[in-house]
Amino acid sequence: MRKKVELTAVWDDDLHALLDSLGILKDLNSGKAHCIVCGSKVDTDNLGTIMPSVNTVRFTCDDTSCVQAVTSRETLVTNGR
């Protein structure tokens, strides 16, 4: 049986506006944002995922293993979601 999963996506043309509205565009442009999985710097060219967290926003780079690490069912269950 297939499981239905909700996915939110953003068009490339709208990405900068979204990041600015979240107050995180400066961090991405200045090199202050890091992938929560591998620790590499994240910018608008290698942004993989954006995840809301308590009072902040977390990121992953676009490396497949980093994106999978935060979107896998095991990770979501482990984090109580």
Query raised in the report: Judged by atom type as modelled, is there a donor-acceptor pair below 3.5 Å linking the side chain of His16 to the main-chain atoms of Asp14?
Result: no

Report summary line: Residues at least two apart in sequence or cross-chain that pass side-chain hydrogen bond (donor to acceptor under 3.5 Å, both in side chains) with Asp63, listed by chain then number, are Ser65

Requested in this report: Sequence neighbours left out, what pairs pass side chain to side chain donor-acceptor pair (under 3.5 Å) with at least one residue falling in residues 35-50?
Outcome: Thr49-Thr60

Query raised in the report: What's the verdict on side-chain contact (heavy atoms from CB on, under 4.5 Å) for Arg58 and Val70, showing C-alpha distance, side-chain angles and the deciding distance?
Result: CA-CA 11 Å; Arg58 302 181 320 167; Val70 299; 6.0 Å; no

Report summary line: Using a 4.5 Å side-chain heavy-atom cut-off and chaining through intermediate ILVMFWY residues, the residues clustered with Leu18 come out as Val10, Leu15, Leu19, Leu22, Ile24, Leu25, Leu28, Val42, Leu47, Ile50, Val57, Phe59

